[in-house]
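Lettering follows sequence order; numbering is per chain, from 1. The basis for the numbers below is simple: all heavy atoms, side chains too, and nothing from hydrogens, waters or symmetry mates.
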Protein chains: 2
Amino acid sequence: MCQAGWVRADARKNYDHLLEVARGIVAEHGADASLRDIARTAGVGLGTLYRHFPTREALLEALLRSSFAALTARAVDLAGTLPPGEALLSWTRECTRFTTTYHGVTQVMVAAIEEPDSALHASCVELRAAGARLLRRAQEAGDARDGMDGTDLFALIAGLAWLGDQAALADRAEHLFEVIAVPALRARPVVGETV
Amino acid sequence: MCQAGWVRADARKNYDHLLEVARGIVAEHGADASLRDIARTAGVGLGTLYRHFPTREALLEALLRSSFAALTARAVDLAGTLPPGEALLSWTRECTRFTTTYHGVTQVMVAAIEEPDSALHASCVELRAAGARLLRRAQEAGDARDGMDGTDLFALIAGLAWLGDQAALADRAEHLFEVIAVPALRARPVVGETV
DNA sequence: ACCTGAACACCGTTCAAGT
DNA sequence: ACCTGAACACCGTTCAAGT
């Protein structure tokens with residue numbers, strides 16, 4: 001939950017409180033919230049924040065870790081529950097929605113996926129792998145287009161999440177998913193849809 | 001080209017030089033380049049920059065104006081040259097590519113489309129209208145999906161442009177266009193494509 | 001060990017003072 | 001009319017000094 005090994009009780013307390021405060025401030029101001037503001041609100045010196053979270057990504061990773069793990073697990077659940085094509089679509093939808101939870105997270109995730117030094121790298125790679133498995137399964141069942149790989153799916157999710165994060169388009173997020181993601185992922189048009 | 005009416009020669013010269021310098025710096029550092037840096041490089045006081053370009057959007061608008069007009073005109077050209085579905089696809093591709101010219105412009109454009117006070121509003125609305133005409137024409141010919149409007153197309157372009165603007169995905173931009181935009185826009189799968 | 005906060009080098013934006 | 005640059009209120013990041 002915290003760092004490895006033993007830590008002084010006050011350090012542990014600072015870490016937890018900092019994280020709690022950061023969650024609120026990042027929820028309000030997005031991924032590029034003022035770190036100074038977070039430290040100040042937590043009643044802690046700026047250096048303390050940097051000690052516990054040496055980079056902004058480290059802080060975001062601590063904030064997002066459990067959700068990433070949940071989404072990775074969710075991919076397995078869906079694969080065991082729904083037919084391949086539906087599992088892929090549902091998971092893509094859930095990922096897209098989640099990524100909109102905090103403003104500006106999409107940008108950071110896309111940057112992290114090819115940046116091994118980023119604290120968010122591992123989570124993003126896992127997420128991409130989970131998506132890739134669902135995608136392959138759907139492709140093998142003939143329920144998804146060929147010519148797409150895990151990175152394409154990751155990009156599709158990121159693009160839609162980014163659109164949903166824009167104030168001017170937020171209320172169209174669901175519709176944009178139907179209009180962009182569904183045709184990109186489905187192998188054949190569904191009966192009753194546009195010719 | 002400049003402001004309306006007569007201006008002092010020195011003011012005119014400052015305006016032009018500022019714009020020239022800004023083009024280089026925005027090309028290098030993106031839409032959120034330092035305004036101080038631009039003024040400094042242009043050898044001009046910070047207040048002078050603000051006098052000529054009261055907001056960052058005003059500066060970007062001056063930088064992008066002619067390209068926006070060219071893209072709007074290009075839509076008419078393509079409509080008179082290619083079959084409806086192809087015209088739509090080509091224009092969408094050109095818009096997507098152009099928007100990647102300066103880093104971070106996509107973000108500003110999406111913000112401007114629903115912000116009438118933005119200096120970029122008019123250009124973006126024109127662009128959306130030009131796209132909407134191509135889209136409608138393709139839909140009437142049965143060459144594009146129904147259920148999409150001009151804003152959806154604008155969002156599609158913006159999403160793809162944003163993906164192409166991310167370092168981790170830039171080299172996949174063309175491929176992502178094929179994988180995301182093409183199936184979203186085409187009414188029926190092309191013969192020879194994935195089932 | 002851990003914490004603090006001043007220090008440094010940057011921002012965007014405004015506005016009194018100059019020509 | 002137009003220009004200048006100091007002033008103000010912010011940043012992120014580092015690091016000597018404290019406990």
Side-chain angles (χ1 to χ4, degrees), chain A residues 2-22 25-26 28-63 103-104 107-108 111-112 115 117-120, chain B residues 2-22 25-26 28-63 103-104 107-108 111-112 115 117-120:
Chain A
C2 190
Q3 301 97 324
W6 280 104
V7 283
R8 256 165 47 177
D10 57 340
R12 169 68 192 253
K13 196 179 159 197
N14 275 336
Y15 180 94
D16 292 342
H17 187 224
L18 225 18
L19 205 52
E20 189 189 356
V21 167
I25 293 188
V26 171
E28 192 174 357
H29 298 297
D32 50 357
S34 161
L35 299 179
R36 235 193 194 80
D37 194 18
I38 293 172
R40 193 165 34 216
T41 307
V44 131
L46 205 36
T48 303
L49 187 149
Y50 274 92
R51 159 176 292 270
H52 288 299
F53 307 103
T55 65
R56 180 175 232 105
E57 280 83 30
L59 178 58
L60 291 173
E61 196 272 337
L63 240 38
H103 294 302
Q107 183 105 235
V108 188
E115 187 50 72
D117 292 341
S118 167
L120 282 158
Chain B
C2 188
Q3 302 98 326
W6 280 105
V7 282
R8 255 164 48 175
D10 58 339
R12 169 68 191 255
K13 197 180 157 194
N14 275 337
Y15 180 94
D16 292 342
H17 187 224
L18 225 19
L19 204 52
E20 189 188 355
V21 167
I25 293 187
V26 171
E28 193 173 357
H29 298 296
D32 51 356
S34 161
L35 299 179
R36 234 191 194 84
D37 194 18
I38 293 172
R40 193 165 35 215
T41 307
V44 131
L46 204 37
T48 303
L49 187 149
Y50 273 93
R51 161 175 289 270
H52 289 299
F53 308 103
T55 64
R56 179 176 232 105
E57 280 83 30
L59 177 58
L60 291 173
E61 196 272 337
L63 239 39
H103 293 302
Q107 183 106 236
V108 188
E115 187 50 70
D117 292 341
S118 167
L120 281 158

Testing the basics here: between A:Val44 and A:Leu49, what is the closest heavy-atom pair and its distance to 0.1 Å? CG1-N, 4.2 Å
Nucleotide interval of DNA chain C bounded by contacts with chain A (heavy-atom cut-off, under 4.0 Å): C:dA1 to C:dA7
With rounding to the nearest 0.5 Å, note down the distance linking CD in A:Glu20 to CG in A:Leu18. 10.5 Å
Taking the nucleotide of DNA chain D with the closest heavy atom to each, which residue, A:Leu46 or B:Asn14, is nearer the 5' end? B:Asn14
5'-most by nearest nucleotide on DNA chain D - A:Thr55 or A:Arg8: A:Thr55
B:Ala112: side chain to side chain contact (heavy atoms under 4.5 Å, CB included) partners, not counting sequence neighbours: B:Ser118, B:Leu120, B:Cys124
Which residues pass the side-chain hydrogen bond (donor to acceptor under 3.5 Å, both in side chains) test with A:Glu57, not counting sequence neighbours? none
Rounded to the nearest 0.5 Å, what separation is found between the NE2 atom of B:His52 and the CZ atom of B:Arg12? 10.5 Å
Would A:Leu19 and A:Leu59 count as a side-chain contact (heavy atoms from CB on, under 4.5 Å) here? Give the steps. CA-CA 8 Å; A:Leu19 205 52; A:Leu59 178 58; 4.0 Å; yes
Identify each donor-acceptor pair in which a side-chain atom of residues 29-38 of chain B lies under 3.5 Å from a protein atom, sequence neighbours left out, and give them as a table.
| unit_1 | atom_1 | unit_2 | atom_2 | d |
| --- | --- | --- | --- | --- |
| B:Ser34 | OG | B:Arg36 | N | 3.3 |
| B:Ser34 | OG | B:Asp37 | N | 3.0 |

Taking Watson-Crick and G-U wobble contacts under 3.5 angstrom, with | marking pairs to another strand and [ ] crossing pairs, the secondary structure of DNA chain C is written ||.|||||...|||||.||
Looking at residues 28-45 of chain B, who's got a heavy atom less than 4.0 Å off DNA chain D? B:Arg36, B:Val44, B:Gly45
Please enumerate all residues that pass ring pair (Phe, Tyr, Trp, His ring centres under 6.0 Å) together with B:Tyr50, with sequence neighbours excluded. none
Partners meeting side chain to side chain contact (heavy atoms under 4.5 Å, CB included) with B:Glu28 (sequence neighbours left out): none
Who passes side chain to side chain contact (heavy atoms under 4.5 Å, CB included) against A:Gln107, sequence neighbours left out? B:Gln107, B:Trp162, B:Gln166
